[in-house]
Amino acid sequence: MEFSLQSSRLWEEVVEQTKLAKEKGIDPLLWALQVSSSLGTSGIALPSTELAHVLVNYICWDNNIPILWKFLDKALMMKIIPPLLVIALLSQRVIPSRRSHPAAYRLYLELLKRHAFALKCQINGLDYQEVMESIDATLHLCEIFGLQTTEPAILVVEFIFSIVWQLLDASLDDEGLLELTEEKVSRWAIKPQEMEIDGHDMYDEKNIAYCERLQNFNTTMAIEIIGQFLQNKATSRILYLARRNMSSHWVSFIQSLQLLGANSAALKNSKVLTSEALQELTSDSRIFLSRECKTSSRQKFHAVMAFGSLASSVSLCPGASRSDLWLPLDMVLEDAMDGYLVNTTSAVEIITGLTKTLQAINGTNWHDTFLGLWIASLRLVQRVRTSSNVQKFSALFSLNGYYVLNRESEVFLKHSKFTKTSVPERDPIEGPMPRLDTRLCMLLSIMTLVVADLIEEEEGAPTDETEYGSTNHWKEMKFPRKRRADLVSSLQVLGDYQGLLAPPKFVVSAANQAAAKAMLFVSGINVGSAYFECVNIKDMPFSCSGNLRHLIIEACIARNLLDTSAYYWPGYVNGRINQLPYSVPAQAPGWSSFMKGAPLTSVMINALVSSPASSLAELEKIFEIAVNGSEDEKISAATILCGASLIRGWNIQEYTVKFITRLMSPPVPADFTGSDSHLIDYAPMLNVLIVGIASVDCVQIFSLHGLVPQLACSLMPICEVFGSCVPNLSWTLPSGEEISPHAVFSNAFALLLKLWRFNHPPIEHGVGDVPTVGSQLTPEYLLLVRNSHLLSSENTHKDRNKRRLSEVASSSSPEPVFLDSFPKLKVWYRQHQRCIAATLSGLVHGTTVHQTVDRLLNMMFRKINKGSQSITSVTSGSSSSSGAGIEDNSLKPELPAWDILEAVPYVVDAALTACAHGKLSPRELATGLKDLADFLPASLATIVSYFSAEVSRCVWKPVVMNGMDWPSPAANLSNVEEHIKKILAATGVDVPRLSAGGSSPATLPLPLAAFVSLTITYKIDKASERFLNLAGPALESLAADCPWPCMPIVASLWTQKAKRWFDFLVFSASRTVFLHNSDAIVQLLKSCFTATLGLNIAPISSNGGVGALLGHGFGSHFCGGLSPVAPGILYLRVYRSIRDIVFITEEVVSLLMHSVREIACSGLPKQKLDKLKRSKNGMKYGQVSLAAAMTRVKLAASLAASLVWLSGGHGLVQSLIKETLPSWFISVHRSDRDQGSGLVAMLGGYALAYFTVLCGAFAWGVDSSSSASKRRPKILGSHMEFLASALDGKISLGCDGATWHAYVSGFVSLMVGCTPNWVLEVDVDVLRRLSKGLRQWNEEELALALLGIGGVGTMGAAAELIIEYFDS
């Protein structure tokens, strides 16, 4: 209390001293010295916040005279009062009274110009914290902005923002514009709270004309100061921090600023700021990270950050390819074509996320992004249809013309007249693998859905919502609907790539029809689909040659991405016609007549099955019949849905798969009263659906659309119900075919098993604490994913794809479904797991299962059992079945399928043991197993799981495939070997000889020999296809796990059975070369790098790029048979079978660094390397060469990231970032000093940075929209902690210093520029430490950029760095 009284008396004395000085007219400087001395004598620290309050209160408004303002100015100059606090105090007093005291407002503005921009000296004072807290108390900053912090640097940001905003609102109010803002009032005190009464006019303020001129001048000056705040290096960057961290306030601020710029009359009087200039300030993001970087490493890294648009990237580096930007997308698309991959995640979701990632990392605009999507998907289609068996086209492929590899081939493609349907194509390769239908689904259905999702993401958001964290947010605010326009422009440009647009043979008619439809439309002739159902395009008198772009356009129009104005694009149609050459018949079987009410006759059904529906309405009518029609109509409708509408109905394919999936789970009828399941009544329709979608292509189509989890959920109750039925029922289909519960169950069970890798161990090559995706494909996981579609329904309004999946899941069952709901299936699945994990046991004599085993063995080997010894008396290692033979009339047990499947492992074990003991011949074994599979086709699955388990145990002796006891591969084994060598010719991998001089007999383990003998008893026809598709992958996996050359032997045996499958079988055999030799995998990876980068002289990769990596697929391209297969194709078909996947990361990192050395040494001659090392910044000499080298380095890093991500998914990326990379940096590496090691080290660091960011972006995405992004903070945080600890000196590094410097600066630059959301997830302390380390390297701007996007936690540190670095 005593101190307070003393302080009060002190300030009264200061006021009296000031009053006396005013009256005597003492010089302001002398007054300031006297006050400073008296305060110092009294122990008051200077500058004094109390004195600032005293002086401002004394002046406003009883002593508003010029000399006191001079006293105030001298006090500021003498630093006895804090300038920022004085500005804050005056803003509260002067701005509201600016009209009654215009001269005071003018003086305030002058003080503002003089002191508001000199921030460095003010934040370095000892009273910094106290001053800012006093400012906060004066302006109520924390309360207004909602940031509950007293960190002084954050208060500086709020203070600068508040001062500019106060000036803005005051100017708007002065010009009568404030009411035009959304709030209509200011949040600041810009108007007096009490009525103003003019006092004594010491400045002649009653002169109205003078006051008006002064007020107008003040308004202009205030606006100029606003512009100065936005232009000043320090304050503009501080305002950027406000934009990022106070976005809701920034919206109002920027709208008001734009309003002022567009309508201000005072601005026209300014001589230093124009309306256009202010508009520019409001439309430009004013990113504080200047492009005129002073930091040397930032200059060198410019090529990494400036991937730019497709056009600029290509023009910068001769020989660079547009396709190189999208190499990861090409690999993902090709990987999805693997028939052994059934993905639980929609391809739409995967590709949408990947597209956003590549768009952010590459820095491309949406025009180039959409163009990249179309080109990549077109390459996917062309990869299986191009042929080079004609000599005249060899030049085309030597340029990799269909794959847009370099600038020359792009020009070739754009202007080549060798396009359209004249392009020769090979016959598609045959075998249990996806064909062209799946690739066209990707191009015309999936890709258009991806584009639709990307456009809806922009257009579906409210117009006033903007992602303010993005670096181009101003443009997003001004042009919030630009993606649709970019789609249009990309499709217009796509017409230049005629070589990619040539349609495959079987879609030529559809393409021509699309072109004819457009021609008729622009000619003003309105015809429906009925015309084309009746008229053959070939018979039309006008030319209407269409291509794949016409089909793409139709797919986009069908999904409302375009309208028919696309038909008028230049060059889209060949001309116009005046009238129809043919009239439309009154009635013709087809969709048009069906929609008019024509009945479903057999002719009509055939027409609808063979031609796809053209609209959703047509599908809905068929679906309605399938739900409510008669039994025969339901079957017919199901048949139609599984016909061309599923395979070739690209414009409505997502609805077709949706309707089929819904029909697989029919609801319980309202009048159903039976004790059995209602599904039994739907048996004929369900069987038609199951058989109709069982082909490899159909399964892949469901997989691409993300419906595998729901399909599995629909199949499980079907299997449960029909597998529990005694086969005393039957149904007759309209075709006359009779089906039983066993048939329905077997078809459903076989399809269900295709949806996960059932024949593999339940725990495959896991990585760290995250198992691979392949190992997660179990029934439980499929149901878990399906249930997640239900749980995500509350967020589906933000995601079009999730909305589709949620609708399908909800229509089937609105409640979660678990494996416990299917007890019979669960029992079989647990038995299946035990069979794989351990030796078969548990059969007890006299039990029901034992009796079933006996009955099945007697059925299988009835002829043998009539002899001297029954097969069932043979004792195997795991069963002891005995008993007399059963009469022929009861050989086939009338048991439910689940009971039979439970006995099958013991049956097969007994039969295999009998064969091993010589009691059963190989032919009799194969025949018996085939009889079992014919009796219950679903038993093939259990046979597969048993043989897979027994082969892995290595307890059975090999058998000689001699052509007597067992089939012999000798007839074409050498031919298979020769073709394997041809396939692998481009990789440099040595193929082990299949036999030593032909003297060693071919042998196979007994279970494998039995299995292959069983499979070759099947006919290659449609009826057996769905079961061969189940057994085929299992057979290949089984043979691949056995020693070399088991798989080539199997392939030789099967090629004798199915000669049309030769290419497929030989290619499958060639893949196993890599599974028995890790060195061969390394060589294959190396071939991927050398081919992509064009580092060797092999013809297949002379130009590098996507075409060299993925080539033209595989098949008989040349007259001599199979051609060398591109290394990328080989790796994509091999990596899922690699057991030890972890070593891939180390090899990829090693090969990446080796490639960097090769690029540096081959791309730049030694003389130029020396000059680059001697030059000051490394870019002045040979800039184009270095930029080209950097482009190739990024291509290598892109390939490396794609390989790691595809090989092991999230788990392998996690292992890379948490383990492999830290170990690599800590380890010591050899540096080749004779080959420009400084440049190599720098490029190596940038390559690793680009590689790491890409891996993380592939795994987690660049935003937080995917579920995988939830794993990102932990993994990324650990890596950032490693970087910060190394910069702190807590970790000793063994790598080259230049490599480390380039890696850290490159990694941080990419995060800042491409993945700013990542930075927000990193601990604030780690960011501060990283920033400190970067500043020690003179990377001030990069350090600032990192802090600037780190959120509120780093805003203060960023502000202090801005002031220190930019406030001069």
Side-chain angles (χ1 to χ4, degrees), residues 49 82-89 91-92 115-166 187-188 229-230 232-254 286-289 468-469 1312 1316 1319-1332 1335 1340-1341 1343-1367:
T49 58
L84 297 185
L85 178 58
V86 171
I87 291 172
L89 293 169
S91 68
Q92 290 293 91
H115 297 285
F117 299 98
L119 299 172
K120 182 183 295 186
C121 60
Q122 301 184 47
I123 70 169
N124 292 328
L126 297 177
D127 61 341
Y128 175 37
Q129 178 81 34
E130 179 187 356
V131 169
M132 297 314 301
E133 289 178 355
S134 183
I135 290 174
D136 180 38
T138 301
L139 298 177
H140 310 290
L141 298 175
C142 292
E143 179 182 345
I144 291 175
F145 291 115
L147 301 180
Q148 301 304 318
T149 177
T150 58
E151 184 180 344
I154 293 180
L155 293 174
V156 169
V157 177
E158 294 177 319
F159 168 71
I160 296 294
F161 190 20
S162 70
I163 293 299
V164 178
W165 205 340
Q166 289 179 68
R187 67 188 65 196
W188 308 102
F229 272 105
L230 292 171
N232 180 269
K233 291 182 179 180
T235 56
S236 65
R237 288 161 170 78
I238 289 175
L239 288 173
Y240 169 83
L241 297 178
R243 172 175 76 86
R244 284 201 61 89
N245 299 290
M246 293 176 269
S247 58
S248 61
H249 299 285
W250 187 264
V251 171
S252 300
F253 171 78
I254 205 65
R286 312 302 298 173
I287 301 172
F288 64 81
L289 185 58
Y468 294 97
V1312 169
V1319 181
L1320 296 173
E1321 299 170 349
V1322 180
D1323 183 74
V1324 170
D1325 179 64
V1326 173
L1327 293 178
R1328 290 174 181 265
R1329 290 159 57 199
L1330 272 173
S1331 175
K1332 180 181 178 182
R1335 293 199 303 274
E1340 286 85 1
E1341 290 204 12
L1344 176 57
L1346 180 66
L1347 294 175
I1349 64 172
V1352 176
T1354 60
M1355 183 167 66
E1360 291 177 347
L1361 184 57
I1362 288 171
I1363 295 170
E1364 177 185 350
Y1365 189 55
F1366 291 100
D1367 185 6

Distance-only donor-acceptor hits, side chain of residues 132-147, under 3.5 Å, sequence neighbours excluded:
unit_1: E133; atom_1: OE2; unit_2: Q129; atom_2: NE2; d: 2.8
unit_1: D136; atom_1: OD1; unit_2: L141; atom_2: N; d: 3.0
unit_1: D136; atom_1: OD1; unit_2: C142; atom_2: N; d: 3.0
unit_1: T138; atom_1: OG1; unit_2: S134; atom_2: O; d: 2.9

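Contact detail for L230 and S236: the closest heavy-atom pair is O-CB, 3.1 Å. The two residues F159 and A88 come nearest to each other via the heavy atoms CE1-CB, 3.9 Å. Considering all non-hydrogen atoms of both residues, A153 and G1356 come closest at CB-O, 3.1 Å. Pairing each heavy atom of G1351 with each of L1320, the nearest pair is N-CD2, 3.5 Å.
Listed by chain and number, the residues in a side chain to side chain donor-acceptor pair (under 3.5 Å) with Q92 amount to none (sequence neighbours excluded). T1354 pairs by the side chain to side chain contact (heavy atoms under 4.5 Å, CB included) definition with V1324, L1327, L1347, not counting sequence neighbours. Taking P83 as the reference, L76, H115, Q122 meet the side chain to side chain contact (heavy atoms under 4.5 Å, CB included) condition, with sequence neighbours excluded. Partners of E1360 by side chain to side chain donor-acceptor pair (under 3.5 Å), not counting sequence neighbours: none found. With sequence neighbours left out, the side chain to side chain contact (heavy atoms under 4.5 Å, CB included) criterion links D1325 to D1323, R1329. The side chain to side chain contact (heavy atoms under 4.5 Å, CB included) check on A116 picks up I87, L112, F229, with sequence neighbours excluded. Scanning for side chain to side chain donor-acceptor pair (under 3.5 Å) contacts around S252 gives E183, with sequence neighbours left out.
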Apply side-chain contact (heavy atoms from CB on, under 4.5 Å) to residues H249 and W165 and explain how you reach the verdict. CA-CA 10 Å; H249 299 285; W165 205 340; 3.8 Å; yes
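With contacts defined as side-chain heavy-atom distances shorter than 4.5 Å, the pair R244/L241 does not qualify. The shortest distance between side-chain heavy atoms of P152 and I123 does not fall below 4.5 Å. Between L1330 and V1322 there is no side-chain heavy-atom pair separated by less than 4.5 Å.
Screening residues 148-160 for salt bridge (Lys or Arg N to Asp or Glu O under 4.0 Å), with sequence neighbours left out, gives E151-R1328.
One distance of note links CD1 of I160 with CD1 of I238; it measures 5.5 Å at 0.5 Å rounding. Taking OH from Y240 and CG from N245, the interatomic distance works out to 9.0 Å, rounded to the nearest 0.5 Å. Expressed to the nearest 0.5 Å, how far CG of L1344 lies from CD1 of I1362 amounts to 4.5 Å. Atom-to-atom distance recorded for R1335:CZ and E1364:CD is 6.5 Å, nearest 0.5 angstrom. Here the CZ-OG1 distance, from F1366 to T235, works out to 11.5 Å after rounding to the nearest 0.5 Å. Atom OG of S247 sits about 14.0 Å away from atom CZ of F253, to the nearest 0.5 Å.
Taking the six-membered ring for Trp and thresholds of 30 and 60 degrees, F161 and W250 have ring planes inclined between 30 and 60 degrees apart.
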